[in-house]
Amino acid sequence: MHTLKTFKTFLINTNTMELPFAESWKIKMVEPIRKSTRAEREQWLKDAKNNIFMLRSEQVYIDLLTDSGTGAMSDRQWAALMLGDESYSGSKSFFELKDTITRITGFEYVIPTHQGRAAENVLFSHLVKEGQVIPGNAHFDTTKGHIEARKAHAIDVTIKEAKDTQLEIPFKGNVDLEYLEQLLKDNQGNVPFMVLTVTNNTVGGQPVSMKNIRETCELCHKYGVPVNMDSARFAENAYFIKTREEGYADKSIQEIAKEMFSYADSMTMSAKKDGIVNMGGFIATNREDWYEGCKRYCIPFEGFITYGGMNGRDMAALAVGLEENTQFDMLQTRIHQVEYLAQLLDEYGIPYQRPAGGHAIFVDADKVLTHVPIEEFPAQTLTCELYLEAGIRACEIGYILADRDPVTRENRFGGLDLVRLCIPRRVYTDNHMKVIAAALKNVYDRRETITRGLAITKEAPLMRHFTVELERLGE
Ligand code: F0G
C-alpha cells in the first residue's frame with residue numbers, strides 16, 4: 001500500500017513521459033492490400049503506357065493518386081446512409097445537408113451536384129462568357145478547363161513566392177494583391193468573378209491566410225467583381241489559419257470557416273475532399289440571382305434542385321462528414337500525418353514544396369531528377385520510378401498536367417514540375433508513411449543513374465494527363 005509520502009513522490013516524478021500524439025479515431029473495418037514484385041510492376045506500367053491513371057487499383061500497393069473520394073467514412077456516416085431519403089424532390093436528406101452547409105458557411109442557397117467540377121460547370125454556365133478574364137490563385141485543372149472551354153481566360157495571380165519550393169512561409173497559397181489589382185484595372189467590365197481556392201491545391205496544398213482572403217475579396221468588390229471560393233479543402237485551410245495566423249488560436253474551426261466564407265459571394269465544393277464522402281459536391285451562395293441562374297443549368301445537367309446529382313443517402317453522409325471534419329481533432333490527426341511524412345523526407349534530404357501542404361507532399365522532381373531534361377518530363381519519370389520501386393501510385397502535377405498553350409500548342413514548361421504524394425483521409429497509418437519515404441529514398445539515392453525520361457506518343461487536346469500515353473527513352 002502507498003504511504004502518503006510515496007504517493008506524493010509518484011505525483012511529482014519528473015520522469016513522467018509526455019504522451020505521444022495519436023489518431024483521434026480507431027479502426028472498425030479494414031481493406032486488405034497486396035504487395036507485388038518488381039517484374040509484375042514493370043509489365044503493368046508498360047501496359048499502362050507509363051500513365052499511372054491507366055493502372056488497375058489491384059496493381060497498386062499504396063495509392064496516393066488523390067485524396068478525392070478516397071477517404072474512409074466514419075461509423076456515423078455509414079449509419080447516416082441507411083437513413084437517406086431518396087425522394088425525387090423535397091428529400092429530408094437534402095434539407096439536413098442544406099442546414100449543415102448554411103450553419104458552417106453562412107450561405108443560404110445550396111445546389112447539390114455530383115462532384116466539384118459539376119458545381120463549376122453549373123455556376124460557370126451561368127456566369128462565364130467568351131473572352132472574359134477570370135483571375136484565381138492557381139485554378140485547379142477542371143476549373144481552368146471549364147473556363148478555357150468557354151473561350152475565356154484563366155489567369156493565375158498566386159504570389160510569386162509559391163514557385164520557390166524551398167522557401168518556407170506560412171501562407172504560400174496567397175493571392176498577389178498588386179498583380180490582382182492591375183488585372184482588375186486592365187480588364188474592367190470583363191471579369192465576371194474571381195476564383196479563390198482554399199487550400200491552394202496546385203501550388204502544394206498551401207493555405208491562404210484570413211488576412212489575404214479578406215483583402216482579396218475587398219479588392220475584388222472595390223472593382224465590382226464577386227468572389228467564388230473553390231472550397232474543396234476549406235477545413236484544412238481553417239486549420240492552418242487557427243494554427244499559424246495571429247488572433248485565431250482560440251477560435252473553433254467552424255468559427256474560422258464561417259469568417260472565411262463571410263467575405264466571399266459563393267462557393268463551389270468538391271465534397272470528396274473535406275466532406276469525406278466518395279462522391280458529391282455543391283454550390284452555395286447568398287446571391288439569389290446566381291441561385292436562380294444555377295437552377296436553370298442544374299436541372300438539365302445534374303438533376304432536380306434538391307438532389308442535383310447526389311443520392312439521398314450520399315447527401316445524408318455528407319452532412320455528417322462536414323460536421324465531423326470541421327472539428328479540430330480530426331484535422332489535427334490528418335495534417336499531423338502529412339507532416340510526419342514530410343519529416344521523414346527531411347531526414348533523407350528529399351526536396352519538396354515547403355512547408356508540407358494540408359493534403360499532400362509535393363516532391364520537387366526538377367531538383368531530384370536533375371539529369372532528366374525538362375522535355376522528357378522529370379516529374380512523370382519520377383512518378384513511374386516510385387511505382388516501379390514499391391507499387392506506390394503518386395501523381396504528376398507538372399509539365400504533363402500543364403498541357404500545351406492553347407495558341408502556340410507548345411508544351412508549358414514555365415511552372416513547377418512536382419510529384420504529388422496525396423494522402424487519403426483516415427485510410428493509411430504512419431507505417432505506410434514510412435514505406436513511402438523509404439521507397440522515395442531508394443529512388444533518390446540512385447537519382448544520378450536516371451538520365452532519360454519519357455516521350456509522349458499519344459495525347460488528348462485538353463486535360464491530356466488522364467489519358468496520355470508515353471514511352472521510356474534510352475531503352
Ligand atoms: N477544385 C479543387 C481545388 C480540386 O482539387 C478539385 C479536384 C476540384 C475543384 C474538382 O472537384 O474532382 O470533385 O470534380 N481535385 C482532385 C485532386 C481530383 O486530385 O486534387 P471534383
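These numbers come from the heavy atoms of this one structure, side chains and all, not from hydrogens, waters or symmetry mates. Counting convention: from 1, in listed order, for ligands and their atoms alike.
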Heavy atoms of other groups near W25 CH2, more than 12 under 6.0 Å =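 Yes, because the 6.0 Å sphere around CH2 of W25 holds more than 12 heavy atoms from other groups.
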Between D67 and R425, is there a side-chain N and carboxylate O pair less than 4.0 Å apart?
->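 Yes, this pair counts.
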Is the [X] to [Y] ring centre distance short of 6.0 Å?
| X | Y | result |
| --- | --- | --- |
| F240 | F171 | no |
| F261 | F234 | yes |
| F466 | F53 | yes |

Please output the side-chain donor-acceptor pairs of residues 54-61 that fall under 3.5 Å, not counting sequence neighbours, one pair per line with the distance.
unit_1, atom_1, unit_2, atom_2, d
Q59, OE1, R56, N, 3.0

Which parts of the protein, at residue level, reach under 4.0 Å of ligand 1 through a heavy atom?
->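 The answer is T66, S68, Q115, G116, R117, E120, F140, T142, T197, N201, D230, R233, S270, K272, K273, R420, counting any residue whose heavy atom sits under 4.0 Å from ligand 1.
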